[in-house]
Number of protein chains: 2
Amino acid sequence: MSPYAHPRLTPRRRAVLDVLRASPDHPTASEVYDRVRETAPGIGAATVYRTLGMLVSTGQALELNLGDGVSARYDANVTRHDHLVCERCGRAVDVDLGVPAALVDAVTRTTSFTITGYDLQVRGLCPHCQASPGTGHPDPGHLEKEH
Amino acid sequence: MSPYAHPRLTPRRRAVLDVLRASPDHPTASEVYDRVRETAPGIGAATVYRTLGMLVSTGQALELNLGDGVSARYDANVTRHDHLVCERCGRAVDVDLGVPAALVDAVTRTTSFTITGYDLQVRGLCPHCQASPGTGHPDPGHLEKEH
DNA sequence: TACCAGTTGAGAACGACTCTCATTATCTAC
DNA sequence: GTAGATAATGAGAGTCGTTCTCAACTGGTA
Ligand SMILES: [Mn+2]
Ligand SMILES: [Mn+2]
Ligand SMILES: [Zn+2]
Ligand SMILES: [Zn+2]
């Protein structure tokens, strides 16, 4: 049977969803786990991973692969938008470039794929990382300092 | 000292690079490993992973995160291009939408990020996956049949 | 209240990737 | 060529994010 056929909005799942909706910074599953334990201390990691998966498959959240790290990031903003990603620290902020539909339509005509959407990530350096001449590898240190 | 300061083009590394350049299908590291063993049977997995990392950091290959699976994919085509990705089986083909520079410039003006580039992935269903009414989850089965 | 599908947490399992380290290959003087 | 220095290699262990397993539990429903 397919999972999440009759999903309940249990207190644990509500807590995960609340945390995600209060997090505009595209947290990892592990970060969601840390934050949700502040209001639901006994929750298990498996429940957080399962709930995030359910939210994604029911369209209440997006799973992002920002390429920098190994872990997926989650986004409660399910409206069409793009991302601006810092190549050094991984910080990701919402942007919307509004790629012309004509460009996507051109792909439809020149391939035999059925197009369902697109994912655009703009890469760059955030203000913090421009200021600190880094080592060349990711240094998300300043993220901790902004709690 | 930074790695790959004086990289040598050893027979193993040449074999990996040759395999990648003969692979327009964006193989995973594991797939590169399988293919390179046909010409360099004794090569170790660590060497393949290390070599792919070196090729990426020296600009001779691209590492892609196509979001569908868990593993990175590699691309010897280092010219500017985008990707059309099948959401069911993960097949990825090269496309080029030519996103107008004006759109990217707009991001530069409205944020304090320094923009270095962008990554555009168009999502859809490949012809194979349109034909086979699937289970809803990835089914790369038909990829094997095309050797 | 009894039923029972759905949910939960702990820990094991998994898979992609990285690290360690002893051995081997290659380069650079002589 | 030979020797010594430096870099590369492969096996296997280790890491880490994520998924799986399963026994206990919960919460709608009749
Ligand atoms: Mn977002
Ligand atoms: Mn490509
Ligand atoms: Zn940054
Ligand atoms: Zn497909």
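Only this structure's heavy atoms are used, side chains among them; waters, hydrogens and symmetry mates stay out. Just so we're on the same page: letters track the sequence lines, and every chain starts at 1. Not measured: the values here are computed from a predicted model.
A donor-acceptor contact under 3.5 angstrom links the side chains of R91(A) and H128(A), judged on distance only.
Contact between the side-chain N/O atoms of Y49(A) and the OP1/OP2 oxygens of dT19(D) is not found at any separation under 4.0 Å. One finds no side-chain N or O of T28(A) lying less than 4.0 angstrom from the OP1 or OP2 phosphate oxygen of dG17(D). For dT26(C), neither phosphate oxygen OP1 nor OP2 lies less than 4.0 angstrom from any side-chain nitrogen or oxygen of T10(B). OP1 or OP2 of dT7(C) lies within a sub-4.0 Å distance of a side-chain N or O belonging to R13(A). In this model, the phosphate group of dG9(C) is approached by a side-chain N or O of T47(A) to a distance below 4.0 Å at OP1 or OP2.
Rounded to whole Å, the distance from CZ on R50(B) to C1' on dC21(C) is 11 Å. Between the CD atom of E31(B) and the C1' atom of dG15(C) there is a distance of 14 Å, given to the nearest Å. Separating the CD atom of E63(A) from the P atom of dG17(D) is a distance of 14 Å, rounded to the nearest angstrom. When rounded to the nearest whole Å, the span between CZ of R14(B) and C1' of dT26(C) equals 16 Å. A straight line from OH of Y33(A) to C1' of dT18(D) spans 14 Å, rounded to a whole angstrom. Between the CZ atom of R8(B) and the P atom of dA7(D) there is a distance of 7 Å, rounded to whole Å. Atoms CG (L9(A)) and P (dA5(C)) sit 22 Å apart, rounded to a whole Å. Rounding to whole angstrom units, CG of residue N65(A) and P of dT18(D) are separated by 9 Å.
Listed nucleotides dA10(C), dT26(C), dG17(D) differ in distance to A46(A); the shortest reach to its side chain belongs to dA10(C). The nucleotide whose nearest atom lies closest to any side-chain atom of I43(A) is, among dA16(C), dG9(C), dT18(D), dG9(C). Closest to the side chain of S71(B), from the set dA11(D), dA16(C), dA8(D), is dA16(C).
Using a 4.0 Å cut-off between a side-chain N of Lys or Arg and a carboxylate O of Asp or Glu, R35(A) and D25(A) qualify as a salt bridge. Between R14(B) and D18(B) there is a salt bridge, since at least one side-chain N of the basic residue sits less than 4.0 Å from a carboxylate O of the acidic one.
Among the atoms of the strands shown, none is found under 4.0 Å from any heavy atom of A45(B). Residue G53(B) is out of contact with every strand shown, counting any heavy-atom pair closer than 4.0 Å.
Listed for the E87(B) side chain is no donor-acceptor partner under 3.5 Å among the backbone atoms of C126(B).
Sequence neighbours left out, the pairs with a member in residues 71-111 of chain A that pass ring pair (Phe, Tyr, Trp, His ring centres under 6.0 Å) are H26(A)-H83(A), H81(A)-H83(A).
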